[in-house]
Amino acid sequence: MKIALGQIKVKAGALQENLAAMKRMIDQAKQEQADLIVFPELCVSGYLLQDKWLDQNFVETLQQANETILSWSDSIGIIYGNLSTGPIHGIEKGRDGRPVRLNAAWFAHHGHWVKKMNQSCDGRTIKHLNPDYRIFDDSRYFLSGLEIQHQVQDPKETLSPFLFEADGRTYRIGVEICEDLWSEDYALDVTRCYLDQGVDFLVNISASCWTRGKELARDKRIIRHAAGRDFVPLVYVNCCGMQNSGKTIAVFDGDSTVYDAQGHRLDGCNDVFEEECRLVDLTSAGL
């Protein structure tokens, strides 16, 4: 399978500019005959938007963008990050009494939302582990999958692999969102939940701020996951550029990377804060 890493420079609140950047890379990936293109976490809207998430008109505009991206998936699979709203597993309201908001990964192909193994919430999966430290305040704005677990009581209900058809084969893909990879401090190991369901490979979409040594810490985290049983190739896609949280300015280096089943780096994009669309053949990862 050929996967394009869509490392775009996400601009906070600039929906039309972000969509235009995605469209350019989708067109490039189609020309290069990629089966799938992967974009970062909340790439449609930007990540660090603070109380902009409470603007219902903005939220509705983001939902409309999903239909636009769906129309671009005529000959390629597209995984990307965008807000999701509306009832999920019987939950209609968030902690603030507003319609529930979810940090989601969306998956479109052939103009349809990709099915999941458990046939629930086709086309989307949600972030399970919300960071609430340093500049992050995710639980103020998003209901997490970990909270929803208290309702469904079975991780496989909310962490079901996608079923993606390419090369005459159906791939089981586990999609994580950023912090889901860093499960050591949480009550749920998202990666292990997917591995236990026999996924062929993992995709992690991120808006991971650069800090000194961050890439080394991430490599070590993946090596620890791979030290367990039945690890699989992992595709990590991060945004690049700069976003202003209202409290501080965060920078994103990119460094989107494909790891093999032993947790070793195989290929990826630049880590110098620049956009790049890079095609990777997962046969080199042993898939």
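Counting begins at 1 with the first residue of the sequence. Being a predicted model, the structure only gives us computed values, none of them experimental.
- With salt bridges taken as basic N to acidic carboxylate O contacts below 4.0 Å, one links E184 and R221.
- In this structure, the side chains of M25 and F39 come closer than 4.5 Å at one or more pairs of heavy atoms.
- The aromatic rings of W106 and W113 sit tilted, their planes meeting at an angle between 30° and 60°.
- Salt bridge annotation for R265-D255: present, with a cationic side-chain nitrogen under 4.0 angstrom from a carboxylate oxygen.
- Taking the charged nitrogens against the carboxylate oxygens, D96 and R98 do have a contact shorter than 4.0 Å, which makes a salt bridge.
- The aromatic rings of F164 and H109 sit tilted relative to each other, their planes meeting at an angle between 30° and 60°.
- Between D122 and K115 there is a salt bridge, since a side-chain N of the basic residue sits under 4.0 Å from a carboxylate O of the acidic one.
- In this structure, K214 does not pair ionically with D253, as no charged nitrogen and carboxylate oxygen lie closer than 4.0 Å.
- Between the side chains of N118 and S120, no donor-acceptor pair is found at a separation under 3.5 Å.
- No donor-acceptor contact under 3.5 angstrom links the side chains of D138 and N103, judged on distance only.
- A salt bridge between D74 and K30 is present, with a side-chain N of the basic residue lying under 4.0 Å from a carboxylate O of the acidic one.
- Checked against K127 for a salt bridge (charged side-chain N to carboxylate O under 4.0 Å, His left out), the options E179, E41, E176 give a single hit: E41.
- Looking at D55 and K52, a side-chain N of the basic residue comes within less than 4.0 Å of a carboxylate O on the acidic one, giving a salt bridge.
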